[in-house]
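Step one of this worksheet: look at the structure below.
Being a predicted model, the structure only gives us computed values, none of them experimental.
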Amino acid sequence: GSRKPTAKRIESETLRTQILDVLVSEDRPIRISEICEKIPALEGSTSQRVVMLIRPMMLDGKVKRTYIKKVAHYCAV
């Protein structure tokens, strides 16, 4: 049946919303480290974790990844 979303899942959704807000407020693509600096809950997070949060939004077409000097930068679409 329809299980209640887990705490982890709710946390991920909240973080995704915050990441998207940060990306929308920036007028240029930014790096993972910059995203982490702007979101207290992500401070000290690994970039892998942040990419894991961003990936579904990339698949949804909400976020775009571009490479600037071989470094991944992200921006809201």
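One finds the CZ atom of R16 at 10.5 Å from the CD atom of E11 (value rounded to the nearest 0.5 Å). If you take CD1 on I32 and CD1 on I35, they are separated by 4.5 Å, rounding to the nearest 0.5 Å. One distance of note links CD of E37 with CZ of R31; it measures 7.5 Å at 0.5 Å rounding.
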Show me, pair by pair, the donor-acceptor contacts under 3.5 angstrom made by side chains of residues 21-30, not counting sequence neighbours?
from, atom 1, to, atom 2, distance (Å)
S25, OG, D21, O, 3.4
S25, OG, V22, O, 2.8
E26, OE2, K38, NZ, 3.3
R28, NH2, E34, OE2, 2.8

Expected list for residues 40-64: side-chain donor-acceptor pairs under 3.5 angstrom, two or more places apart:
from, atom 1, to, atom 2, distance (Å)
S45, OG, L42, O, 3.0
S45, OG, R49, NH1, 3.2
T46, OG1, R49, N, 3.2

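For K69, there are no salt bridge (Lys or Arg N to Asp or Glu O under 4.0 Å) partners at least two apart in sequence or on another chain.
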